[in-house]
Amino acid sequence: MAADLANILADLKEQEALKIVKDRLGAGEDALKILNDARKGMEVVGKRFAESQYFIPDLVYSGEILKAISELVRPKLTKTAGTKKLGKVVFGTVAGDIHDIGKDIVVFMLDVNGFEVHDLGVDVPAQKFVDKIKESGAPVVGLSGFLSLAFDSMKQTIEAIQSAGLRDKVKVMIGGGQITEEVRKYTGADAFGKDAMAGVSLAKKWIGAG
Amino acid sequence: MEKQWAEMTSDEKQEALFGRWLSPKDHEGNDLKFQSPQAAKAYKERITRLKDAMQMKTPDRVPVIPLPSFFPAFYSGFTPQEVMYDYAKCAQAWKKFVVDFAPDAQMGCAAPGSGKFFETLDYKLYSWPGHGVAPEHSYQANEGEYMTADEYDALIDDPSNFFSNSYLPRVFGKLEGFRMLPMLPGILEIYGVAFNFIPFGLPPVQETYKALFDAGAEALKWAGTVGGFDGEMASLGYPAFMAGFTKVPFDVIGDTLRGTRGVMLDMYRCPDKLIEAMERLTPLMIKLGVGMAQMNGKPLVFMPLHKGADGFLSDEQFKKFYWPCFRKVMLGLIAEGCIPFPVAEGGYNSRLDVITDLPKGKTVWMFDTTDMARAKKTIGKVACIMGNMPTDLLALGTPQQVQDRAKNLIDSCAAGGGYMMSNGAFFDHAKPENIKAMVDFTKQYGVYK
């Protein structure tokens, strides 16, 4: 039974997954246990994405199914999940750029791979990154950007992190449609990721969980 | 004349459109006066070069066409905000770009659009300089569900009514009154006719029409400046590249109706409705492109490709949802003599074998990050290909790096014709010396011997 929900969610069978959740809740099963199974299913989704069996629509759909499951389970939840996280990552699309698809995919993949992600959203001013790094103590920062204007915004964000005296406390990765090694050098980032999995590998390497 | 066109084959129609492109008219319909005999000669040489490359013959040399986004504004020292609000500055900047770099074709100066016009109608689909983005940044789309998942039937039943009464009021704040417009097929016999016109007496609808008149006046003002641009450039010897645009039905729904998230969920939750809606939109998208090609007297119809790129869909999803109606739109355009010009943003490596199923010499493909050597061996066997000069190189690299990349592109793609040099993605930022390196090097190294 327990394995079913994880597999059925991983196979993106929305109706079946929701039915199992309702049945299990109806049978008085521990809500946290159901949620843990769902999380296992999401890990499989992340793994399939990493292996190019799944693509962006599959991630979007699995996220939607998980949301529906959480809504069913949440009212029954007595204690919060105490899953241990690998480490913290501050993430956002840089100032001037409002594109979110790429950012959301990397945040999703970091999340299902066990990171605690502080997603600051899009068009994020440099100072907001600095404030969040200070507040969270996250050792990894991810800057996303789709437009060429993001080259300068990324550079300015990294300069702001430097001025705040935080540069040696964090590793910075950048990514987005037009981001290359050339752009990495220009911005002063530690690394760039070609896709979401590259971002996960970098975070694991930097946090020492790889 | 009408009958003659109907009797032509698609090849003859394509030749007829090339013929009209070769002999441009002024706005009164007379033969365009070139500013010098040299300009007239250069114009004809450029069209011939473009036509040979597009039809997969070997031209005198590789055509080179830098296709900018807001770069001409920055190059002239203007912000995007300035060129969106001061139309003369827009035309001036785009002219300087064309004259300074002397490309084989130019893409007009209509892309920035009119900021005042967008303001007049309270356009919500995009944020533009001063309205949601900084004056020095380009406009950006606001993703959203401008159509809900349960509205597929409304779109399928009557697309025009869905656009006027549901979609337009959502993307233009000032078109709120359109929600109250009557259903036109209800205006039939004398009985009850006047009922249908009651909405036009109501304040919200009257407000909407007032806004429309203002918007129309602004659009005319804008068109008065940017509309003459192509003619002026032609008189200087520079052909306008594109006749108009249309879109892939999947992108029509996935970009601005359902949004990326919406269309992706619909593939799982209501695949049949999604396919039915795309089939319904297909003839409309053909009509859109053919109409502009006819009006502007050129064959090339721009098709920006978004949601079919590598990673955005699985191979099966691409073949099931994206490609069939995309191909139908292209075949519909080709039948009327047009040359579809799909611009594949991102990577298209996993799609190359699928898209090669097209008639030869009838399409032009621009690629962004796709492997061009592989493109040449696949789609390049049936279509002219271009693009791939990377954005990061143009913005941050050196002229030598750009030149090396251009050489590499020509070496792997130019053999036998069917190739044009250009950037991969429409660019805002670049070093002018890098654009110059791309153009000048191609003119010298790209000569066919």
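In what follows, chains are A, B, ... by sequence order, proteins preceding strands, each numbered from 1.
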**Message:** Heavy-atom cut-off 4.5 Å, strictly under: side chain, backbone, both or neither for Ala134(B) against chain A?
**Reply:** neither

**Message:** Counting only non-hydrogen atoms closer than 4.5 Å, does Gln53(A) touch chain B with its backbone (N, CA, C, O), its side chain (CB onward), both, or neither?
**Reply:** neither

**Item:** Part of Phe151(A) lying under 4.5 Å from any heavy atom of chain B
**Value:** side chain

**Asked** Relative to chain A, which segment of Glu143(B) carries a heavy atom at a distance below 4.5 Å: side chain, backbone, both, or neither?
**Response** side chain

**Asked** Does a donor on one side chain and an acceptor on the other come within less than 3.5 Å for Tyr186(A) and Asp392(B)?
**Response** no

**Asked** Taking all atoms of both residues into account, what is the closest heavy-atom pair of Ala425(B) and Gln178(A), and its distance?
**Response** CB-NE2, 3.5 Å

**Options Lys185(A), His99(A), Glu64(A), ranked by heavy-atom pairs under 4.5 Å with chain B, top entry** = Glu64(A)

**Asked** Between CE of Met264(B) and OH of Tyr61(A), what distance do you get to the nearest 0.5 Å?
**Response** 14.5 Å

**Request:** Answer yes or no: is there a donor N or O on one side and an acceptor on the other, between the side chain of Gln140(B) and the main chain of Gly96(A), under 3.5 Å?
**Result:** yes

**Heavy atoms of other groups near Lys436(B) NZ, more than 12 under 6.0 Å** = no

**Prompt:** What's the spacing between Met267(B) CE and Asp58(A) CG if we round to 0.5 Å?
**Reply:** 7.5 Å

**Fill in**
Looking only at Val133(B), Asn142(B), Leu313(B), most heavy-atom pairs under 4.5 Å shared with chain A are made by Leu313(B)

**Asked** Is there side-chain contact between Thr180(A) and Pro390(B), with at least one heavy-atom pair below 4.5 Å?
**Response** no

**Complete:** Heavy atoms of Pro57(A) and Gln317(B) approach each other most closely as CG-OE1, 3.6 Å

**Prompt:** Checking heavy atoms, do the side chain of Thr391(B), its backbone, both or neither come under 4.5 Å from chain A?
**Reply:** both

**Message:** If you compare all heavy atoms of Glu182(A) against all heavy atoms of Gly397(B), which two are closest, and at what distance to 0.1 Å?
**Reply:** OE2-CA, 4.2 Å

**Message:** I'd like to verify something: which residue of Asp195(A), Asp97(A), Leu59(A), Asp123(A) has the highest number of heavy-atom pairs under 4.5 Å with chain B?
**Reply:** Asp97(A)

**Asked** For Phe55(A) and Gly311(B), which heavy atoms make the closest approach, and how far apart are they?
**Response** CB-O, 3.4 Å

**Prompt:** Would Asp428(B) and Ser148(A) count as having a side-chain donor-acceptor pair, cut-off 3.5 Å?
**Reply:** no

**Complete:** Scanning both residues in full, the closest heavy-atom pair of Val60(A) with Arg261(B) reads CG1-CG, 3.7 Å

**Message:** Would you compute the distance between atom CG of Leu147(A) and atom CZ of Phe70(B) and round it to the nearest 0.5 angstrom?
**Reply:** 11.0 Å

**Message:** For Ala141(B) versus Ile98(A), what's the shortest heavy-atom pair and its separation?
**Reply:** O-CD1, 3.5 Å

**Prompt:** Given a strict heavy-atom distance threshold of 4.5 Å, which part of Leu149(A) is in contact with chain B: side chain, backbone, both, or neither?
**Reply:** both

**Asked** Checking heavy atoms, do the side chain of Leu12(A), its backbone, both or neither come under 4.5 Å from chain B?
**Response** side chain

**Request:** Against chain A, label Asp368(B) side chain, backbone, both or neither, depending on which of its atoms sit under 4.5 Å from a heavy atom there.
**Result:** side chain

